[in-house]
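Structure first, then comments.
Counting starts at 1 for both ligands and their atoms, in listed order.
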Amino acid sequence: MNTSETVLVIGGGIIGLTIAVELKLRGASVTVLSRNFQEAAAHAAGGMLAPQAEQLPPSPLLDLGLMSRALYPGWTGKLEALTGLSAQYWPCGILAPVFEAGLETCVSSASPDAQWLDRDAIRTYQSGLGSDVAGGWWYPRDAQVDNRRLMQVLWSAAQELGVELYEGVEVDRLVTQADRMTELQTSQGSWRASHYVLATGAWSQALLPVPVFPKKGQMFAVRVPESEPELPLVRVLFGPGIYIIPRQDRRIVVGATSEIVGFTPHNTPAGLQTLLAGAMRIYPALSEFPIQECWWGFRPTTPDEAPILGTSPYGNLTLAIGHYRNGVLLAPATAQLIADWIWDQREAPLLPYFHYTRFTS
Ligand code: GLY
């Protein structure tokens, strides 16, 4: 691709913005169309960078996750230098507590990347754990970022670099002719570009017949009272079906349900009850902290829970959708692979594993 050609990114979530910034940094002329910046899944996420705690099986997805986790410090540092804003990347490690009933499934395969801690040892890493916690795994290389701040940083970086950003644009239809995309029809008229990137997350199926569907996650946050001089929780806790993420600004984020209910909005009593009980079982001190906020979001899910990346049936349309639970984690690696492909016509060795045809052949 050369500098006279233009790229139109459809979707202003974390994947769309990260790709736009990466392409712009490489010299492309980039426009991003966003329907509603606030509804992007990354706003609703927890920001864990947890390829290991998420227990991704050995696979190209794990490789992509490890690659992306390794990119994070340099990538967020670069964004910070560009914008003067911090995304609060925090290499705090993740503890994965296990209850008595789960102990028998724990294999003793300790390595520098995953260390088994018994009942006493886990409490030296984090005090105040619930009495049911019988041990757990320590993943020292897993980390976190404040996903909401990251979204602001990305938006600012895109503005700073001269990416054209349009908010409030509803895409109605991708117009195609033979094996090319010819234009995009939207609530604000038609748009044309040399190349298009589809990064529309859980909403992608409305535009293209791809197997991406929403999985709702409910979350809530508490705040550590000012009466506590130190942050009482300094590790992410990732227990069975629940995670608790302390932020450096005293907020503690708790998530998340995983519900197949289409795009049904709102928090529900059942969803919140599950989260509250799970969180208090692992970290009882949290039961006294004031609740700040409850919210929900929609993860873009594929049948194998890995993203769809790379070419599409249309030569000038690239896909970057379906990141499921791992959009925040996978954003920098996704952008690198996609920019390599679009800008340099270079296919990274990992890219073919994520091709859409794995669901069609
Ligand atoms: N990344 C965790 C979640 O989607 O709940």
Side-chain angles (χ1 to χ4, degrees), residues 13-15 18 39-57 59 61-62 64-66 68-69 72 87-97 137 139 141-151 201-204 212-222 235-247 251-265 267-268 270-272 274-279 282 293-307 321-334:
I14 191 163
I15 300 298
T18 307
E39 79 184 357
H43 286 287
M48 284 183 298
L49 308 175
Q52 292 184 291
E54 286 274 2
Q55 300 196 341
L56 300 180
S59 60
L61 179 59
L62 176 62
L64 191 68
L66 294 174
S68 216
R69 188 185 66 182
Y72 247 91
Q88 301 278 303
Y89 168 75
W90 185 6
C92 59
I94 296 186
L95 277 177
W137 289 97
Y139 300 104
R141 291 172 199 241
D142 279 353
Q144 63 153 303
V145 68
D146 184 326
N147 45 292
R148 290 187 183 173
R149 286 181 196 238
L150 177 59
M151 290 297 281
W203 292 267
S204 300
V212 179
F213 61 94
K215 221 179 242 191
K216 179 177 167 182
Q218 300 189 45
M219 304 184 70
F220 75 91
V222 295
R235 317 276 187 208
V236 173
L237 303 177
F238 195 158
I242 193 97
Y243 51 78
I244 306 175
I245 307 170
R247 303 282 200 229
R251 191 171 155 90
I252 298 179
V253 172
V254 179
T257 62
S258 196
E259 304 164 60
I260 302 178
V261 292
F263 287 106
T264 308
N267 288 108
T268 62
L272 290 178
T274 306
L275 297 180
L276 289 164
I282 289 181
E293 186 190 350
C294 304
W295 68 96
W296 69 92
F298 300 104
R299 303 176 186 88
T301 311
T302 64
D304 63 5
E305 300 180 352
I321 52 179
H323 289 70
Y324 185 43
R325 298 174 61 89
N326 299 302
V328 177
L329 167 67
L330 297 177
T334 296

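- Both tests pass for R148 against the ring of W295: distance under 6.0 Å to the centre and angle within 45° of the axis.
- The closest side-chain heavy-atom distance from Q88 to Q144 is not below 4.5 Å.
- Using a cutoff of 4.0 Å between basic side-chain nitrogens and carboxylate oxygens, E54 and R69 are not scored as salt-bridged.
- Remark: distances from the non-hydrogen atoms of Y324 to ligand 1 are all 4.0 Å or more.
- Nearest non-hydrogen protein atom to atom 3 (C) of ligand 1 is Y243 OH, 3.2 Å.
- Under the 4.0 angstrom criterion for non-hydrogen atoms, E54 is in contact with ligand 1.
- Nearest protein neighbour of atom 1 (N) of ligand 1, counting heavy atoms only, is R325 O, 2.6 Å.
- Between the K215 side chain and the Y324 main chain, no donor and acceptor come within less than 3.5 Å of each other.
- T18 places no side-chain N or O within donor-acceptor distance of the main-chain N or O of I15, the cut-off being under 3.5 Å.
- Under a 4.0 Å criterion applied to the non-hydrogen atoms of A256, ligand 1 contributes the atoms 5 (O).
- Nearest non-hydrogen protein atom to atom 4 (O) of ligand 1 is R299 NE, 2.7 Å.
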